[in-house]
Visitor: 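So that we are looking at the same thing, I have put the structure below in structure tokens.
First listed ligand is number 1; within each ligand, the first listed atom is number 1. Keep in mind that what you see is a predicted model, and the values were worked out from it rather than measured.
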Amino acid sequence: MNVVVPETERLRVALYGAVQGVGFRPFVYRLATELGLNGWVLNSNAGLVVEVDGAPDELQRFLERLQAEQPAAAVVLAREVSYLAPAGFTRFEIVASDQATERSAAVLPDLATCPQCLAELWDPANRRHQYPFTNCTHCGPRYSIILDIPYDRPNTTMRGFPLCPECLREYADPADRRFHAQPNACPVCGPKLSIEIGEAAGAIAAGRILALKGIGGFQLLADARNQEAVARLRRLKHREEKPFALMMPSLAMVREYCLLSPAEERVLTSAAAPIVLLRPADTRSALAPNVAHNSPYLGVMLPYSPLHHLLMRACPFPLVATSGNLTDEPIAIDNEEARRRLGGIADVFLTHDRPVARPCDDSVVRVARGRENVMRRARGYAPLPVRVERPLPAVLAVGGHLKNTVAIAVGRQVFLSQHVGDLDTPEARRAFENAIDDLCRLYRFKPELVACDLHPDYASTRWALSSGLPVVRVQHHHAHAAACAAENAIRGPYLAVSWDGTGYGLDSTIWGGEIFLAEDGQFERVGHLRPFRLPGGEAAIKEGWRSEASLLYQTFGPQAVDDPVLRRMIERGINAPLTSSVGRLFDAVASMAGIARQSRFEGQAAMLLERAIDGATIEEAYPLAERDGVADWAPLVEAVRSDVKRGQPRSAIAARFHNALAEWIAAAATRTGARQVALSGGVFQNAYLVERAVALLETRGVAVYTHQRVPANDGGIALGQAALSGIPSRDHRERFAG
Ligand SMILES: [Zn+2]
Ligand SMILES: [Zn+2]
Ligand SMILES: [Zn+2]
């Protein structure tokens with residue numbers, strides 16, 4: 001695929017750790033000037049931020065030297081990189097930090113075990129030999145142990161562990177690697193395990209399920225080669241087919257099972273140590289087939305705490321490593337709670353006495369076009385802020401209903417909570433309230449305004465309306481678009497392609513195939529999918545054959561649907577709301593092509609349809625003609641049915657469908673004359689579709705923006721809600737209705 005790389009981009013790097021008072025700003029100034037790059041550097045309590053404009057290769061060189069040549073006294077603990085629209089800087093300067101940001105210190109995310117601590121872990125002569133809680137100022141738990149600021153030991157869950165004389169000496173010695181390392185601990189004074197590692201490892205090897213108290217809560221672990229163990233874990237956790245993540249002991253083993261690019265390797269081995277979605281290697285895999293079923297990716301992570309390292313050394317094979325919860329519930333963090341909630345799943349518990357301050361799942365990242373794209377933002381990333389272009393009011397954004405996250409805005413920084421999850425259960429709603437309290441307490445934040453979704457039935461909306469504070473209600477797909485615009489610092493008008501499964505539209509129908517012309521918090525709906533009925537309402541989300549029936553009915557007439565009940569529902573619109581959702585169109589086409597009649601987890605049919613392309617290079621696209629901004633699926637449905645009847649390969653059907661969507665985006669850009677396009681919403685986790693759309697748009701000279709640091713799905717919309725709350729016209733509903 002011929003992707004045109006833009007000539008100039010803006011690189012933004014946010015650095016956290018010991019980066020103040022160590023000559024970092026003059027160093028950045030010298031480096032940028034030497035390389036002839038314009039931009040600025042800013043120092044604040046929340047971290048150090050650098051921006052420079054340049055060509056992609058210049059920016060890469062700058063980034064590499066920024067890391068390699070940093071001042072000796074600086075310790076960069078966390079780093080986030082994003083690529084934005086060029087700003088047209090004319091010089092490089094050291095700028096004064098804005099006051100609002102100055103007040104809020106960044107709370108660091110949890111950091112994977114550093115090489116020095118790891119060396120000590122394996123050194124029989126070291127006093128921390130095989131000690132599962134070793135850490136230092138460069139690594140270890142942070143967000144998962146902090147109870148309050150300032151970040152001092154009495155304000156962490158380590159407060160119950162008085163330092164022994166030797167640890168205290170390290171803690172007080174400025175020359176020591178553990179100087180002021182708040183979670184510092186050793187076998188004498190620190191936390192202890194409930195059972196021996198060997199016992200836990202033996203249980204896994206024997207095909208049993210282990211509940212392990214990790215960094216951000218409990219995980220459930222099993223031998224990923226053991227089909228029976230994996231099946232049992234699925235059954236007990238009520239998780240039918242959604243892929244399980246894996247933990248592998250080493251990079252060498254990751255290479256055995258997966259294809260690994262240098263960029264993917266960097267993310268995998270970073271301090272954030274997330275789950276990285278990787279293409280499986282083309283070998284006969286020893287993995288049980290039910291680990292990831294037909295998923296195009298394997299989610300893989302490396303051990304990130306000493307405890308994980310010790311366990312993986314005792315289990316030198318791939319493990320399924322999934323959150324310690326029942327599907328749709330939050331991750332368990334407390335020992336007693338875990339035994340109660342996970343007692344029916346796990347055979348063995350490996351716990352310890354260091355409390356976890358808040359649940360924090362493993363994050364999920366995919367590398368697309370050589371760049372990091374966070375798909376679930378939690379451990380290793382939360383609660384680092386996303387910097388936005390303009391100062392925001394003191395707003396609390398409560399997010400959506402699925403994959404919920406919440407956010408607070410302090411000046412130009414938006415602090416996002418960790419992934420909270422779907423708000424379907426009372427436990428999840430409690431976790432949602434805790435996340436709000438927690439974020440507000442940590443940053444001493446008093447919201448003056450609450451931003452929420454337009455959907456009246458979302459638990460988050462109800463919470464906002466009962467908060468007693470002024471409320472800004474933001475249309476769901478506008479929030480998606482604004483999140484993408486905010487993190488990419490898009491200026492001026494842009495075409496927002498906002499596609500997902502479900503969101504409450506301004507006309508009270510279910511939107512999800514929207515194209516907006518947006519600027520400065522205003523938007524105009526300039527395109528959308530032709531609405532169709534969803535017989536069964538919510539049930540259609542899991543049962544794609546319902547969407548299929550609806551499209552067949554509306555394309556070929558009532559005789560195309562056999563089931564008389566279904567026919568009546570569509571005919572009369574009984575329990576069959578209208579939707580313009582592209583997510584549901586994916587379901588319908590997957591069902592028509594015989595790829596998936598239903599989804600056992602959200603988005604499964606779409607995932608299988610993408611997978612079905614299977615590397616086929618097909619340029620043809622189904623017709624999806626836009627008339628007056630409305631993309632009519634009827635000709636597409638006819639073409640799909642004809643291809644299915646003619647026995648065309650699934651790969652061709654799937655590719656032609658994806659290509660049709662990409663061409664619709666390109667056509668909308670051409671029609672509106674847009675020079676910038678933002679792709680947001682869960683549909684854009686589809687790598688093929690993004691690649692295809694980017695290729696079409698960039699050959700037309702249109703700049704394309706996708707998500708980087710926040711998820712494209714509903715996990716990102718709290719950022720959009722926060723970003724829009726600063727816009728003077730607050731009632732988006734009245735202003736844009738009709
Ligand atoms: Zn360390
Ligand atoms: Zn000690
Ligand atoms: Zn959405």
Side-chain angles (χ1 to χ4, degrees), residues 17 75 77 108 110-123 126-128 131-142 153 158 161-172 176-192 271 273 304-306 309 354 399-405 422 453-455 458 460 474-484 496-505 510-514 541 579-584 602-603 606 679-685 707 710-721:
V75 183
L77 295 174
L108 283 175
D110 299 306
L111 307 165
T113 312
C114 76
Q116 286 148 301
C117 283
L118 203 53
E120 291 175 352
L121 188 69
W122 304 132
D123 176 7
N126 191 282
R127 72 189 190 93
R128 291 189 177 85
Y131 179 57
F133 302 96
T134 183
N135 65 82
C136 71
T137 47
H138 304 176
C139 75
R142 297 289 188 275
R153 193 171 176 102
M158 286 298 290
F161 300 92
L163 291 160
C164 71
E166 188 52 19
C167 286
L168 188 59
R169 189 197 56 73
E170 295 164 342
Y171 182 86
D176 196 278
R177 206 173 85 244
R178 295 188 169 87
F179 176 57
H180 281 188
Q182 307 304 342
N184 191 21
C186 78
V188 175
C189 65
K192 289 176 177 57
Y304 51 81
S305 77
H309 280 287
R354 184 177 74 199
H401 184 76
L402 299 175
K403 303 178 178 69
N404 178 274
T405 57
D422 301 350
D453 201 277
L454 265 189
H455 200 301
Y458 280 5
S460 52
V474 179
Q475 199 280 323
H476 188 90
H477 303 95
H478 191 202
H480 273 305
C484 190
V497 183
S498 196
W499 292 354
D500 63 2
T502 300
Y504 196 81
I510 303 167
W511 285 8
E514 314 313 305
I541 294 173
T579 187
S580 54
S581 164
V582 168
R584 297 292 84 81
E602 206 229 333
L679 305 178
S680 187
V683 165
F684 292 105
Q685 296 194 320
H707 282 282
V710 306
N713 62 32
D714 288 6
I717 74 168
L719 172 62
Q721 292 173 344

Visitor: Rounded to 10°, how big is the angle at the Zn ion (ligand 1) from C114 SG to C139 SG?
Guide: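 C114 SG and C139 SG form an angle of 110° at the Zn ion (ligand 1).
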Visitor: Is there a donor in the side chain of D714 and an acceptor in the side chain of H401, or the other way round, less than 3.5 Å apart?
Guide: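 Their side chains do not contain a donor-acceptor pair, so the 3.5 Å distance test is not met.
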Visitor: Please state whether the separation between the Zn ion (ligand 3) and some N/O/S atom of H480 is under 2.8 Å?
Guide: yes
Visitor: Taking the side chain from E514 and the backbone from V497, do they hold a donor-acceptor pair closer than 3.5 Å?
Guide: no
Visitor: So which of the N, O or S atoms of D714 lies nearest the Zn ion (ligand 3)?
Guide: OD1
Visitor: Only to 10 degrees, please: what angle do the SG atom of C186 and the SG atom of C164 make about the Zn ion (ligand 2)?
Guide: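 The two atoms form an angle at the metal of about 100°.
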Visitor: Which atom, among the N/O/S set of D500, is closest to the Zn ion (ligand 3)?
Guide: OD2
Visitor: Just one of P306, C117, C167 clears the side chain to side chain contact (heavy atoms under 4.5 Å, CB included) bar with R128, so which one?
Guide: C167
Visitor: What pair of heavy atoms forms the shortest contact from L108 to R142, and how long is it?
Guide: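 Shortest heavy-atom separation between L108 and R142 comes out as O-CB, 3.2 Å.
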Visitor: To the nearest 10 degrees, how large is the angle at the Zn ion (ligand 1) between C136 SG and C117 SG?
Guide: 100°
Visitor: Classify the side-chain pair S498/H478 by whether it contains a donor and acceptor separated by less than 3.5 Å.
Guide: no
